[in-house]
Amino acid sequence: MGQTIAEKIIAAHLVSGEMKTGEEIGIRIDQTLTQDATGTMAYLEFESMGIPRVKTERSVAYVDHNTLQSGFENADDHRYIQSVCAKHGIYYSRPGNGICHQVHYERFGIPGKTLIGSDSHTPTGGGIGMLAIGAGGMDVAVAMGGGAYYIPMPRMIRVTLTGELRPNVSAKDIILEVLRILTVKGGVGAIVEYAGEGVKTLTVPQRCTITNMGAELGATSSIFPSDEMTRAFLKAEGREEDWVPLSSDADATYAQEIEINLSELEPLAACPHSPDNIKAVKELTDIKVDQVCIGSCTNSSLSDMLKVAAMLKGKKIADGVSLSISPGSRQVFSMMAECGALTDLIDAGARVLECACGPCIGMGFSPNSGGVSLRTFNRNFLGRSGTKDGQVYLVSPETAAAAALTGYFTDPMTLEDTGAIEMPEAFRINDSGVLAPLDEEAAKTAEVLKGPNIKPFPNTHPLEDEIKAELILKVGDNITTDHIMPAGAKILPYRSNIPYLSKFCFAVVDESFAERAEAAGSGIIVGGSNYGQGSSREHAALVPLHLGIRAVVAKSFARIHAANLVNAGILPLIFADPDDYDKLEQGATLEIKDVHKGLKEDKLVLLANGVEIPLRMELAERQKEMLLAGGLLKYTASK
Ligand code: MIC
Ligand code: SF4
C-alpha cells in the first residue's frame, strides 16, 4: 500500500510500535531545538541524565523569547544555556539571531529528517519537508540523550490546493481558511499534508507560514513535499546538498481530505480570542485599529517584510496606529537593510524591534485598554498580548499593512497591487550568531554557569493508590496553556523558578487559584474539551504539580499538554460520558480509589458526594509505568 510523506519518514525512523493509527510509536530523532523560555528546564533535565554529549545529528538552542533584560534573571538564564550548550555538544543561537523556527528552517532544517522542539510551533519545519513536532522540554532532553520520542501514530489529513493566490491574498489566508474548516480541535491526533498543483506555486517561507499555524489546529505536525521549490530555497541558503526529493505515493490513503481553491480565497482574519474564529476582512472594515504588529515565527520571512515595505513605501502610517516590525532572523534583517526596504519602513513610521518573538509573547507592545491590535502572529488567546481586554486579530502581512495605512480594517485587495516580490537568488549567509559547541576534550573541564534564578524542579510523587482531593478549579472548553501558565514580560524571566511562577497559575481565570491550591495541599482540576491547547510549555504541568495538583479530569486533552502532565506525574483523566462534567462542582471533595488497578484496566471511578463518575484514559503502557514511578525523570532513572 502506498505511503504518505509523513508515513515514509516515520517508517524510516521507527524504533518501536506499529504504525497503526492511535497506537503508540517511538521514533528516532535526528535534530532537536529549544528556545530559552522552555530551554532552561530542558537543559536542567538533560543535565540530570548525566549524559556528557548529545547523541543527535544536530541540536540547537535558540534565545528568542526572553530578550528584554529588566533584571539579572534572563541574562543569567542565557549565560546558563550558552555554557550548557558549549559543554554538551549543542549549537547556541545568540539573542538577536532570530526566532527559533525561522532560523532553523533557514540554516539547519533538512527534508526527510525528524526534529522535535520544546516549542509548539516546531512543525514550521514541515515547510521544507521535515517531520517536525513540538514537545515538552523533558521529551526533548530525552531525545538529546539518544532516546526515542513517543507519540500516538497520527491519522493523515490531506489538504489539496488548486489554483493560484490572487494579488494581496497570501499563505496566511490559506491556513486561516484551514482553521475555519477544521477548528482548533480538528487536527488533534493528525498530520496534515499539503498536496495538489497549488503547492507548486508556494515558496518555502509561504509553506512555513502554513505548517507553523498547523499548531493552532492541534495537529501533531503539518508537512509539504520536498520539491524543486524546496531545492531552490536550500540552494539560496547555500545548502543545496541537503536537498532530497520527497512526495507521497499516488495510492497513499488519508483519513480525511479537504480541497481549497486558492483562486477563490480572499483575505481573512481570526477574531478575538481564538485562531479559528474566522471572518472575511471585508466584513470587518468598520473596525478602527490601534495597533499593528508584523513579525513572529508565522510571518517574518524576507518576502513578508519586503511585501509590507513595498505597500508602505513613500506613504505614512495612519495617525492613530502604532506599527511594530520584528524581522524573523538576522538574515532577514540584514537583507532588508541591504535592499533599502528597512528605510522604507522606518520612513513610513514603523517601530522596528529586534529579531525575536517580542509582542507575540507579550514582551512589550501590549495594546491600550480595549485596543484593537492586528497581528501577523498565530495566537490571539485572551490576555496573551499583556492587555486583558485587548482585541487581537490574526491577519496576513498584506492585511496588516493595509490597516497600518488606513487606520481601519481594510481589505488589501481593494488597494493598489504593488506586484509580486522579487526574491534574490542567494540569501546573505552570516552564521556569526550561532556558536559551535566545544570539542569533546575541552568540554570535559568546561564549567556550567548557573545564576540564583535557577531553582530546583518540583518533586514528583510515585502515584498513590488512593487520591482524595478538593476540586480546586472547574474550567470550560479550549483552556490554553496561556490560561494555565501565562507568559509575558513580567513573568517570563522566572521560567526557571517554578515556586515564583506558581503565584500566577491560572491568574487570568481565577486570581485566587494558586493560593487556594497551595492551602489545600492536594487538588484536582476539572476541564472541558481540548484542555491544554496551545503552547508546549511544560510549566503548565510543573507549576500545577508544585501546587499539589494530582489529576486533571477533562472531556479531552491537547496532545502536548497531556504528555507533559504524564511526564510530571499528574494523571490526565477523561470523562467516559462527557455529560458527567455538569455533575461536578468546584469545591467538592473528590475521591479516586484503587488507582493502580484502574490504571492497568484503563478505567477509574471518580466519587463526588456519593455520585460515581466513570473515567477513562488514553495512555500507553509506557506512560502508565511512568505515572506509577512519578513522572518521566524518575521513570528514566529507574531504568
Ligand atoms: C508560544 O508561542 O506560546 C510559546 C511561548 O512559543 C510557547 C513556548 C513557551 O511557552 O515557552 C510554545 O508555543 O510552545
Ligand atoms: Fe515565539 Fe510567538 Fe512563535 Fe511562540 S508563536 S515561538 S512566542 S514568535
Side-chain angles (χ1 to χ4, degrees), residues 33-42 61-68 74 77 81 93 95 98-105 116-125 132-137 139-140 175 208-209 211-216 218 270 275 293-301 304 324 326-329 332 353-365 375-386 392 394 480-489 491-496 501 504 532-543 558-561 563-564:
L33 71 80
T34 57
Q35 38 90 339
D36 49 322
T38 55
T40 45
M41 278 293 155
Y62 295 88
V63 175
D64 52 2
H65 281 61
N66 280 322
T67 55
L68 272 186
N74 293 162
D77 285 1
I81 296 176
S93 172
I99 306 174
C100 53
H101 310 303
Q102 177 72 27
V103 178
H104 204 85
Y105 81 73
I116 67 166
S118 61
D119 191 280
S120 63
H121 290 103
T122 304
T124 311
I133 307 179
D139 288 317
V140 176
I175 186 64
C208 287
T209 292
T211 49
N212 172 280
M213 249 188 122
E216 276 54 66
C293 302
I294 297 172
S296 92
C297 57
T298 320
N299 278 116
S300 59
S301 67
D304 286 338
S324 78
S326 342
S329 66
V332 170
L353 311 180
E354 74 174 321
C355 312
C357 300
C360 179
I361 192 58
M363 277 293 182
F365 244 80
R375 302 178 160 212
T376 65
F377 307 168
N378 48 36
R379 290 189 171 140
N380 58 348
F381 302 145
L382 182 73
R384 181 174 163 105
S385 66
V392 177
L394 307 173
T480 72
T481 53
D482 277 282
H483 292 106
I484 307 170
M485 195 55 253
I491 320 180
L492 269 182
Y494 300 97
R495 279 292 182 92
S496 14
L501 266 190
F504 305 93
Q533 67 157 329
S535 88
S536 68
R537 61 189 75 145
E538 59 189 335
H539 305 77
L542 294 176
V543 167
R559 180 187 64 88
I560 305 177
H561 186 62
N564 285 341

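For ligands, and for the atoms within them, numbers begin at 1 and follow the listed sequence. No hydrogens, no waters, no symmetry mates; every other heavy atom, side chains included, goes into these values.
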Please classify the [X] to ligand 2 contact at 4.0 Å (heavy-atom distances, strictly less than): side chain, backbone, both or neither.
X      : answer
Arg537 : neither
Thr298 : neither
His65  : side chain
Asn378 : side chain

Provide the number and element of each atom of ligand 1 under 4.0 Å from a heavy atom of [X].
X      : result
Ala37  : 11 (O)
Ser536 : 12 (C), 14 (O)
Ile361 : 5 (C)
His65  : 4 (C), 5 (C), 6 (O)

Exercise for the section: Please examine the side chains of Ser326 and Phe365, heavy atoms only from C-beta on, and report whether any two atoms are closer than 4.5 Å. Expected result: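 Phe365 vs Ser326: side chains apart.
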Practice task
May I ask you to test the Thr38-Glu538 pair for a side-chain heavy-atom distance under 4.5 Å?
Solution key: no
Separation between [atom1] of [X] and [atom2] of [Y], rounded to the nearest 0.5 Å:
X      : Y      : atom1 : atom2 : result
Leu492 : Asn74  : CG    : CG    : 8.0 Å
Thr122 : His104 : OG1   : NE2   : 9.0 Å
Gln35  : Arg537 : CD    : CZ    : 9.0 Å
Tyr494 : Asn66  : OH    : CG    : 11.0 Å
His121 : Cys297 : NE2   : SG    : 5.5 Å

What atoms in ligand 2 come closer than 4.0 Å to a heavy atom of [X]?
X      : answer
His121 : 5 (S)
Ile361 : 7 (S)
Asp119 : 6 (S)

Problem - Derivation of the side-chain hydrogen bond (donor to acceptor under 3.5 Å, both in side chains) call for His101 and Asp119 - result: CA-CA 9 Å; His101 310 303; Asp119 191 280; 2.9 Å; yes
Identity and distance of the protein heavy atom lying nearest [atom]:
atom                    : answer
atom 6 (O) of ligand 1  : Asp119 OD2, 2.7 Å
atom 2 (Fe) of ligand 2 : Cys360 SG, 2.3 Å
atom 10 (O) of ligand 1 : Arg537 NE, 2.5 Å
atom 12 (C) of ligand 1 : Ser535 CB, 3.1 Å
atom 3 (Fe) of ligand 2 : Cys297 SG, 2.3 Å
atom 1 (Fe) of ligand 2 : Cys357 SG, 2.3 Å

Problem - For Ile99, the option from Ser93, Pro327, Cys360, Cys357 that meets side-chain contact (heavy atoms from CB on, under 4.5 Å) - result: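 Option passing the side-chain contact (heavy atoms from CB on, under 4.5 Å) with Ile99: Cys357.
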Exercise for the section: Let me know which of Thr124, Thr298, Leu394 forms a side-chain contact (heavy atoms from CB on, under 4.5 Å) with Asn378. Expected result: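 Result for side-chain contact (heavy atoms from CB on, under 4.5 Å) with Asn378: Thr298.
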Exercise for the section: May I ask you to check if ligand 1 and Thr38 share an N or O to N or O distance below 3.5 Å? Expected result: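 Min N/O separation from ligand 1 is not below 3.5 Å for Thr38.
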Handout entry: Nitrogen or oxygen atoms of Arg379 and ligand 1 under 3.5 Å apart
Key =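 By distance alone, the answer is yes.
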Exercise for the section: Tell me, please: is Arg384 in heavy-atom contact with ligand 1, that is, under 4.0 Å? Expected result: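 The answer is yes: ligand 1 sits under 4.0 Å from a heavy atom of Arg384.
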Exercise for the section: Run the contact test for Arg495 against ligand 1 with a 4.0 Å cut-off on heavy atoms, strictly below, and give the result. Expected result: yes
Exercise for the section: Would you indicate which of Ser120, Gly488, Pro486, Cys357 comes nearest to atom 13 (O) of ligand 1 when only heavy atoms are counted? Expected result: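 Nearest option to atom 13 (O) of ligand 1, by heavy atoms: Ser120.
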Exercise for the section: Decide side-chain hydrogen bond (donor to acceptor under 3.5 Å, both in side chains) for Asp77 and Thr40; before the verdict, give the C-alpha distance in whole Å, the side-chain angles of both, and the deciding distance to 0.1 Å. Expected result: CA-CA 7 Å; Asp77 285 1; Thr40 45; 4.5 Å; no
Handout entry: Gln35, portion touching ligand 1 at heavy-atom distance under 4.0 Å
Key =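 It is the side chain that touches ligand 1; the backbone stays farther off.
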Practice task
Heavy atoms only: give me the nearest His561-Ala540 pair and the separation to one decimal.
Solution key: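 Distance-wise, the nearest heavy atoms are CE1-O, 3.4 Å.
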Exercise for the section: Show the numbers, then the answer: is there a side-chain hydrogen bond (donor to acceptor under 3.5 Å, both in side chains) between Ser535 and Arg384? Expected result: CA-CA 12 Å; Ser535 88; Arg384 181 174 163 105; over 6 Å; no
Exercise for the section: With side-chain contact (heavy atoms from CB on, under 4.5 Å) as the test, would you mind laying out the steps for Arg379 and Met213 before giving the verdict? Expected result: CA-CA 9 Å; Arg379 290 189 171 140; Met213 249 188 122; over 6 Å; no
Practice task
Please verify whether a non-hydrogen atom of Arg384 lies at under 4.0 Å from ligand 2.
Solution key: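 Contact check Arg384 vs ligand 2: positive.
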